Amino acid sequence: MARKKIREYDAKRLLKAHFARLFLKDLPINVAQVNSSTDFSELLQKQPWLGCSRLVVKPDMLFGQRGKHDLVGLNLSYSEAEAFIKQRLNKIVTVKGCSGPITTFVVEPFVPHQEEYYLCIQSDRLGYEIFFSEAGGMDVEENWDKVRSIKLDTLEKLSGANIAPLIASIPLEVKPQLEEFIVQAFKVYTELDMTLLEMNPFTLVPGPQGSGPLAFPLDMRVELDDTARFRSAAKWGDADFPLPFGRMLTPAEEHIAGLDEATGASLKFTVLNPSGRVWLMVAGGGASVIYADTVGDLGYSTELGNYGEYSGAPNTQETYQYAKTVLECVASNSDGRGRALLIGGGIANFTDVAATFQGIILALREKSEALKAAKVRIFVRRGGPNYQKGLELMRQLGKEIDIPIQVYGPESSMTGICAEAISYVKSFDG
């Protein structure tokens, strides 16, 4: 399960759309998104409710404490909202040690209210946990003793009987509406493969004439299970998966992300420490975790330059482009001390090891002078179809480009090269 945060704008759009699809219920949610490309006149034409409502404006950047940083505008006219945003757009702020520009805002109607409820649904290894409180809002954590919770097994259905302990103290006149809303919110949660749905707070507003009150989320957070994209992407629509606040892609990360989007294989790369002295070029997502964990277990997590993996049988050109980009990072920011590159992986089932090594060898040959200048030593461990030929090609390459390449096959443990790499790096520490 890969938990990916989405913007509040998308969270509320999805909630509204799927309540309508599943329950034929029109939640009173209107939202607009504003960024540096927004034309405020065009936005008003497309969403005329903005001109006839008092508005709330807040950053939509995946961080909290927005009010404490003077980033929330309440009860504004449209022109006031426009001025509020323009004063703060691209402003650099620091939140919990992370700094970055405010690039995206969400705008929605200002809803006067009295009651503030708290609802959170989240997934764990064995099922779901649902939290509810009638004391929601900014002080919910200080009033956590008022939060009640229930647990559900993965295949267990949510019903009024399950919910009864959550809403036991709720006044009878609104209890049926809250019970129905929680059951329906849970249905949307599972339908969309969410891993977190939190409304803090939500309130109740008058529904259409002849109906009871409807729930209205004032603040909302949603995370989606990225591994369910194959079955839920159509339901998610164009929901955005932004980077965490303060995180900007490096040119190398952008390049590899572009390669990844254009191929059916998997090409992942994240820079952890541009000046790190231990770098990974690992085949397989599981292996990449093991190698990164082992470097950390050996006490060198702060020297780990990157996390990444290639898998799904990328072709030679894709592997070459990936490897070349990684090697450029390996050789950059050198401080005169030796560096280690781990070209590792488990024992492949179907991937032709020699074929995937061809692209890596092309990149190593091209970047050999820069690697020698950075005192890079290479450690290889791989197994699988045609691995003997692939390993022999690596041995020959080391002699050709005059860079030490230590090569191991499946007779050696997968992570044994980690200790050797760190021993080499340590030798420069005096």
Side-chain angles (χ1 to χ4, degrees), residues 1-19 22-23 27 29 60-66 95-96 106 116-168 170 178-203 215-229 231-233 235-236 239-245:
M1 175 165 57
R3 305 169 69 112
K4 290 289 188 73
K5 295 180 180 181
I6 62 173
R7 298 191 190 276
E8 186 173 4
Y9 167 75
D10 288 322
K12 290 182 174 178
R13 285 194 310 123
L14 290 177
L15 189 72
K16 180 180 177 72
H18 293 285
F19 258 74
L22 295 169
F23 315 115
L27 292 182
I29 295 174
D60 201 359
M61 300 288 298
L62 310 185
F63 66 78
Q65 299 182 343
R66 295 174 287 192
V95 180
K96 294 184 178 180
V106 61
E116 291 192 335
Y117 302 103
Y118 174 78
L119 176 65
C120 178
I121 307 170
Q122 63 183 23
S123 302
D124 58 30
R125 291 174 66 91
L126 301 177
Y128 312 99
E129 191 162 12
I130 303 174
F131 301 84
F132 176 82
S133 174
E134 63 267 32
M138 292 179 62
D139 299 324
V140 68
E141 292 182 357
E142 286 75 8
N143 294 300
W144 199 251
D145 58 313
K146 297 180 180 179
V147 176
R148 293 176 290 278
S149 66
I150 60 171
K151 289 192 174 185
L152 294 177
D153 291 335
T154 301
L155 300 179
E156 189 176 356
K157 292 186 177 180
L158 186 64
S159 66
N162 300 121
I163 290 173
L166 296 179
I167 58 175
I170 295 297
L178 286 173
E179 177 184 307
E180 181 181 65
F181 176 67
I182 295 172
V183 170
Q184 292 176 343
F186 182 76
K187 175 67 173 176
V188 171
Y189 179 94
T190 55
E191 273 275 321
L192 269 64
D193 287 298
M194 295 180 180
T195 58
L196 173 75
L197 185 158
E198 183 181 57
M199 301 178 197
N200 184 38
F202 76 93
T203 192
F216 182 87
L218 297 163
D219 280 319
M220 186 172 172
R221 292 197 304 138
V222 163
E223 295 176 5
L224 299 175
D225 182 356
D226 186 53
T227 61
R229 187 187 293 269
R231 69 181 182 189
S232 289
K235 298 175 189 175
W236 298 343
D240 184 24
F241 294 94
L243 292 170
F245 176 67

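Atom set for the values below is all heavy atoms of this structure, side chains included, hydrogens, waters and symmetry mates excluded. Since we're looking at a predicted model, the values are computed, not measured.
Every residue two or more places apart in sequence or in another chain was checked for a salt bridge (charged side-chain N to carboxylate O under 4.0 Å, His left out) with D60, and none qualifies. Residues satisfying the side chain to side chain donor-acceptor pair (under 3.5 Å) test with N200, not counting sequence neighbours, are none. Qualifying salt bridge (charged side-chain N to carboxylate O under 4.0 Å, His left out) partners for R66, counting only residues two or more places apart in sequence or in other chains: E8, D219. Residues passing the ring-ring contact (aromatic ring centres under 6.0 Å, His included) test with Y9: none are found, sequence neighbours excluded. Residues that satisfy the side chain to side chain donor-acceptor pair (under 3.5 Å) test with D240, not counting sequence neighbours, are R7. The salt bridge (charged side-chain N to carboxylate O under 4.0 Å, His left out) search around E180 returns K25, not counting sequence neighbours. Contacts of E179 classified as side chain to side chain donor-acceptor pair (under 3.5 Å), with partners at least two apart in sequence or in another chain: none. When the ring-ring contact (aromatic ring centres under 6.0 Å, His included) test is applied to F216, no partner is found at least two apart in sequence or on another chain. K146 pairs by the salt bridge (charged side-chain N to carboxylate O under 4.0 Å, His left out) definition with nothing, not counting sequence neighbours. Scanning for side chain to side chain donor-acceptor pair (under 3.5 Å) contacts around K16 gives D26, with sequence neighbours left out.
Residues F245 and M61 come closest through the heavy atom pair CB-O, 3.5 Å. Counting all heavy atoms, side chain and backbone alike, Y118 lies closest to G136 at CB-CA, 3.8 Å. Closest approach of C120 and L196 over heavy atoms only: SG-CD1, 3.7 Å. Of all heavy-atom pairs between D225 and T227, the closest is OD1-OG1, 2.6 Å. Heavy-atom minimum distance, P201 versus G137: CB-N, 3.9 Å. Contact detail for F202 and P217: the closest heavy-atom pair is CB-CA, 3.7 Å.
Side-chain contact check for L197 versus L192: every heavy-atom pair is 4.5 Å or farther apart. Taking the side chain as every heavy atom from C-beta outward, F23 and V188 approach each other to under 4.5 Å. V222 is not listed as a side-chain neighbour of L14, based on a closest heavy-atom distance of 4.5 Å or more. The closest side-chain heavy-atom distance from L62 to L243 is not below 4.5 Å. Using a 4.5 Å cut-off on side-chain heavy atoms (C-beta onward), E191 and H18 make no contact. At a threshold of 4.5 Å between non-hydrogen side-chain atoms, the residues L15 and M199 count as touching. Using a 4.5 Å heavy-atom threshold, the side chains of L178 and F132 count as touching. Taking the side chain as every heavy atom from C-beta outward, F181 and L119 approach each other to under 4.5 Å.
The list of side chain to side chain donor-acceptor pair (under 3.5 Å) pairs with a residue in residues 149-161, not counting sequence neighbours, reads S159-N162. The salt bridge (charged side-chain N to carboxylate O under 4.0 Å, His left out) contacts involving residues 192-201 comprise D193-R231, E198-R221, where partners must be two or more places apart or lie in separate chains.
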Do I170 and Y117 pass the side chain to side chain contact (heavy atoms under 4.5 Å, CB included) test, and can you show the C-alpha distance, the side-chain angles, and the key distance before you say yes or no?
CA-CA 11 Å; I170 295 297; Y117 302 103; 4.1 Å; yes

Starting from the C-alpha separation in whole Å, work towards a yes-or-no answer on side chain to side chain contact (heavy atoms under 4.5 Å, CB included) for Y128 and Q122.
CA-CA 6 Å; Y128 312 99; Q122 63 183 23; over 6 Å; no

I'd like to know whether L158 forms a side chain to side chain contact (heavy atoms under 4.5 Å, CB included) with I150, so could you lay out the CA-CA distance, the side-chain angles of the two residues, the decisive distance to 0.1 Å, and finally the verdict.
CA-CA 10 Å; L158 186 64; I150 60 171; 4.0 Å; yes

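Under a 3.5 Å cut-off, the side chain of K12 and the backbone N or O of L218 do form a donor-acceptor pair. Using modelled atom types, no side-chain atom of W236 and backbone atom of R229 make a donor-acceptor pair closer than 3.5 Å. Between the D10 side chain and the I6 main chain, no donor and acceptor come within less than 3.5 Å of each other.
Taking the six-membered ring for Trp and thresholds of 30 and 60 degrees, Y189 and F186 have nearly parallel ring planes, at less than 30 degrees apart.
Residue E141 places its CD atom among 12 or fewer non-hydrogen atoms of other residues, nucleotides or ligands, all under 6.0 Å distant. Shown here is K235, whose NZ atom has more than 12 heavy atoms of other residues, nucleotides or ligands within 6.0 Å.
Atom-to-atom distance recorded for I182:CD1 and I121:CD1 is 8.0 Å, nearest 0.5 angstrom. The distance from atom CD1 of I167 to atom OG of S133, rounded to the nearest 0.5 Å, is 13.0 Å. Considering CG of L166 and CZ of R148, their distance stands at 7.0 Å, rounded to 0.5 Å. In this structure, the separation between CG on L224 and NZ on K4 is 10.0 Å, given to the nearest 0.5 Å.
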